[in-house]
Amino acid sequence: MTPLDPPRDTLLAAARKSTTREPIIQEPEPFEPEATRRDASVAESSRANRGWWDRNADEYQSEHGTFLGDDRFVWGPEGLDEVEAELLGPVEELKDKDVLEIGAGAAQCSRWLTARGARPVALDLSHRQLQHALRIGGSFPLVCADAGALPFADASFDLACSAYGALPFVADPRLVLREVRRVLRPGGRFVFSVTHPIRWAFPDEPGPEGLSVSSSYFDRTPYVEQDDQGRAVYVEHHRTIGDRVRDIAVSGFRLVDLVEPEWPAWNTSEWGGWSPLRGALIPGTAIFVCERD
């Protein structure tokens with residue numbers, strides 16, 4: 001776990017000289033991974049996904065940086081914005097709140113929170129993603145760590161959030177949920193978004209071919225991409241809606257809302273398997289709003 005908390009002047013200088021829309025050089029993938037379905041442990045999933053995001057952070061920020069913006073808080077490919085959703089609470093009440101962003105990527109959400117007077121900390125498993133956060137700039141701490149072993153004292157934060165960070169990629173989501181509960185103060189809120197579980201049953205395609213069920217919604221076998229020696233280089237884990245609700249309850253949270261954003265008419269973008277065509281028919285994102293009693 002490596003804290004990346006440079007002086008304020010360094011961060012502000014990075015913000016002045018660069019934005020997410022500058023061209024980024026991406027090294028080519030050294031091999032074509034094999035896609036399969038098999039078990040993947042906590043350690044294997046963490047190692048594989050840290051490597052994947054380090055290798056693909058440049059391409060991800062180049063491809064999606066304009067949609068995400070430098071300082072927007074977007075919950076998913078539909079474009080639901082926190083300024084409208086207020087899932088963390090009324091915007092005016094964010095001032096002076098300590099907020100942990102998990103799976104922060106280039107820390108766009110933390111930058112938005114800072115502008116509202118909050119005190120965010122942006123955490124990500126990928127060192128390369130956090131280098132993009134440094135490149136864009138900001139006056140908040142960056143921490144490189146695993147969400148299943150948060151390097152913070154008990155009751156350090158008022159709020160926690162995760163927009164498609166950590167939860168879809170971990171083998172044991174209860175480890176993460178319990179860690180988040182530990183670092184939240186009583187009454188704290190944790191809001192996280194993930195791929196909607198129903199999408200696991202459909203091919204990850206944005207066109208008509210992605211509208212027919214191809215696998216069982218109830219098959220929890222992880223999706224794994226592996227190298228020619230069988231080592232995982234990317235892992236994604238599936239949970240049903242019921243699994244997510246049970247994980248939340250067993251981990252000591254109270255579920256207060258479950259949001260399934262509809263695809264808005266203004267959004268004509270495609271993002272992997274997300275698209276206006278599919279978004280009009282099936283949900284793509286699930287957002288869980290939880291509170292620590």
Side-chain angles (χ1 to χ4, degrees), residues 2-24 53-54 57-145 147 150 152 156-166 180 183 188-193 269 271 285 287:
T2 306
L4 301 173
D5 189 7
R8 177 180 173 83
D9 291 346
T10 302
L11 289 165
L12 293 179
R16 284 194 293 269
K17 71 181 182 182
S18 185
T19 74
T20 55
R21 284 162 292 284
E22 289 186 345
I24 302 169
W53 283 105
D54 280 345
D58 293 0
E59 181 180 0
Y60 178 86
Q61 294 299 332
S62 178
E63 183 177 355
H64 301 299
T66 299
F67 180 84
L68 295 172
D70 287 347
D71 55 2
R72 288 182 66 202
F73 195 135
V74 181
W75 284 109
E78 296 83 4
L80 180 65
D81 202 305
E82 176 62 11
V83 74
E84 302 167 353
E86 294 193 338
L87 300 181
L88 291 172
V91 173
E92 61 272 15
E93 294 181 11
L94 294 175
K95 182 176 173 57
D96 296 326
K97 293 289 178 66
D98 296 308
V99 187
L100 176 61
E101 183 187 3
I102 299 169
Q108 288 93 341
C109 298
S110 287
R111 226 166 269 110
W112 182 89
L113 287 161
T114 298
R116 272 73 192 167
R119 295 186 294 266
V121 173
L123 178 142
D124 201 281
L125 181 69
S126 166
H127 183 269
R128 184 59 176 165
Q129 284 281 52
L130 292 176
Q131 286 181 316
H132 283 281
L134 284 174
R135 174 178 59 82
I136 301 169
S139 57
F140 45 85
L142 307 174
V143 179
C144 188
L150 296 174
F152 308 108
S156 295
F157 298 96
D158 301 298
L159 300 167
C161 57
S162 184
Y164 275 81
V180 175
V183 303
R189 174 170 286 203
F190 178 37
V191 184
F192 67 92
S193 62
S269 302
W271 184 327
T285 296
I287 310 173

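What you are looking at is a predicted structure, and each value in this text was computed from that prediction instead of being measured. Just the heavy atoms: all of them, side chains too, but no hydrogens, waters or symmetry mates, feed the values below.
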Ser162 side chain vs Ile102 backbone, donor-acceptor pair below 3.5 Å | yes

Quick note, side-chain hydrogen bond (donor to acceptor under 3.5 Å, both in side chains) partners involving residues 84-96, not counting sequence neighbours, are none

Hey, could you give me the CH2/CG distance between Trp112 and Leu94, rounded to the nearest 0.5 Å?
-> 5.5 Å

One should read off an interatomic distance between Arg128 CZ and Gln131 CD, to the nearest 0.5 angstrom, of 5.0 Å

Take Leu100 and Phe152 through the side-chain contact (heavy atoms from CB on, under 4.5 Å) test and state the conclusion after the steps.
-> CA-CA 10 Å; Leu100 176 61; Phe152 308 108; 3.7 Å; yes

Would Asp81 and Arg72 satisfy side-chain contact (heavy atoms from CB on, under 4.5 Å), going step by step from the backbone distance to the final call?
-> CA-CA 7 Å; Asp81 202 305; Arg72 288 182 66 202; 3.3 Å; yes

Quick one: salt bridge (Lys or Arg N to Asp or Glu O under 4.0 Å) partners of Asp54, sequence neighbours excluded?
-> none

Rounded distance (nearest 0.5 Å) linking atom NZ of Lys97 with atom CG of Leu159 | 5.5 Å

Test item: Trp75 and Cys161 side chains (from C-beta on) under 4.5 Å apart, heavy atoms | yes

Please confirm whether the backbone N or O of Ser110 pairs with a side-chain atom of Glu101, one donor and one acceptor, at under 3.5 Å?
-> yes

Take Leu68 and Tyr60 through the side-chain contact (heavy atoms from CB on, under 4.5 Å) test and state the conclusion after the steps.
-> CA-CA 11 Å; Leu68 295 172; Tyr60 178 86; 4.0 Å; yes

Measuring from Cys109:SG to Phe73:CZ, what's the distance to the nearest 0.5 Å?
-> 4.0 Å

Atom pair CG (Leu123) and SG (Cys144), whose distance is rounded to the nearest 0.5 Å | 7.5 Å

Within residues 113-122 or reaching into it, pairs that qualify as side-chain hydrogen bond (donor to acceptor under 3.5 Å, both in side chains) - sequence neighbours excluded = Asp98-Arg119

Can you find a pair of side-chain heavy atoms, one from Leu80 and one from Thr285, that are under 4.5 Å apart?
-> no

To the nearest 0.5 Å, tell me how far Trp53 CH2 sits from Asp124 CG.
-> 8.0 Å

State plainly whether the residues Asp70 and Arg111 are in salt-bridge range, i.e. N to O under 4.0 Å.
-> no

